[in-house]
Amino acid sequence: MSKKSQGSWVESANHPETDFPIENLPYGMFSRKTGDTSARIGIAIGNQVLDCTLAAEILGADAVPGFLRQGDLNGFMAQGASVRKAFRAKVTRWLSPGAAEASALRAALVPQSDVQMQLPCAIGDYTDFYASIHHATAVGKLFRPDAPLLPNYKWVPIGYHGRGSSIGVSGQQIVRPTGQIKAAADGAPPEFGACRRLDIELEVGAFIGAGNALGDPIPIAHAEDHLFGLCVLNDWSARDIQAWEYQPLGPFLAKNFASTISPWIVTMEALEPFRVPAERSADDPQPLPYISSPQDRSRGGIDMVLEFSLQTEKMRHDGQPPQRLAKSNLRYAYWTFAQMVTHHSSNGCNLQAGDLFGSGTMSGPAPSEAGSLLELTSGGKVPITLANGESRTFLQDGDVVVLKAYCESSDAVRIGLGECVGQILAARH
Ligand code: CA
């Protein structure tokens, strides 16, 4: 049982199952489906969106930070945690029961069913990490049975630079990628064709708020100040293209054809009640001092449930909802987001507001906690049988993938990150 919300005059925010009680207040970019369809920044509350531009028109320009009023979330993110916390306190007051602003602000609410969500901000750079040791070990076994976990894993947060241009918001349609695929027979030339091993990766995305100047690393003690908030991330992956290209420089075209994120960014303040110790067992080496701090050890992790569900075209046709295939948790991360921030900037690399970090596929230790089809099907060798009798190893055209995330605990109000949905379309030849 979760704690009861402090409540809001927005009735839908008081439903025990809502992702968006007053304790959450995530940011997103939306446009109305009818009327004025300009893109605006909104805050989710229950099944409504608080329109930041309209709120400023109603309560006066000074009530809302300029960047939010003007639809520039990157500008707001860059201002850092103190500006964000101050505005959160103000919005919490506005939306609380009995608030003086309540009757006026009703006019600034838009039903979520009447809006089209967009990417929340301009994503400059996208870096994908590899923070689940369970995923790294499971995938390592498939690609390199003799050396599943490479010797650097427990020392250095492994990542690669992905691509921002192909990141889309929930609802994205993914054209099956085409690429070079290794021939079945050793020594034969590769073929060029549609991916046959198209997969998902169940990840959490972290947005950078305040950046750092080039040449000016972010110390671990200050790393959390540079995090804005989290979303759900599906790092779509073409396993056959990946297997042929990943050595020696890592993933390239197997990963950059699309990544999908949920539309709402849940701030670090909303996640505060769900912080847990970083996952590291007593016999693991301690991280090097530059990525180690008592605070990060004691609360660097986040207890966040992650789910992966699939709906085939037949299920959709038969009116069946998506079927859950895996359930995992962000607390399995071996590296914390703070460690990722500090490590990424440790060579002087500059992070900027709106940069996105992927956690890496967040698999847990149990088979049912695997965050990819690659793991769930033992590399495509053991198909999953769905409830309606269909089976899957990898994704087929028409499949809809739904990732979702939420945080719940007995002494906090449940909050959710919403859904990250994507559909596979046939390859274009
Ligand atoms: Ca990934």
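Start at 1 and go down the list; that is how both ligands and their atoms are numbered.
Taking the six-membered ring where tryptophan is involved, the planes of Y153 and Y130 are perpendicular, since the angle between them exceeds 60° and thus also 30°.
Our summary of the site lists the angle at the Ca ion (ligand 1) between OD2 of D235 and OE2 of E203 as 100°, to the nearest 10 degrees.
The Ca ion (ligand 1) lies closest to atom OD2 when only the N/O/S atoms of D128 are considered. The Ca ion (ligand 1) sits nearest to atom OE1 when only the N, O or S atoms of E201 are considered.
Contacts classified as ring-ring contact (aromatic ring centres under 6.0 Å, His included) and involving residues 357-411 (residues at least two apart or in different chains) are given here: F129-F357, H344-F357.
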Q. Could you walk me through whether D399 and R392 pass the side-chain contact (heavy atoms from CB on, under 4.5 Å) check?
A. CA-CA 10 Å; D399 284 354; R392 283 291 181 278; 2.8 Å; yes
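Considering T267, T92, L68 in turn, L68 is the only one that fulfils the side-chain contact (heavy atoms from CB on, under 4.5 Å) rule with F87.
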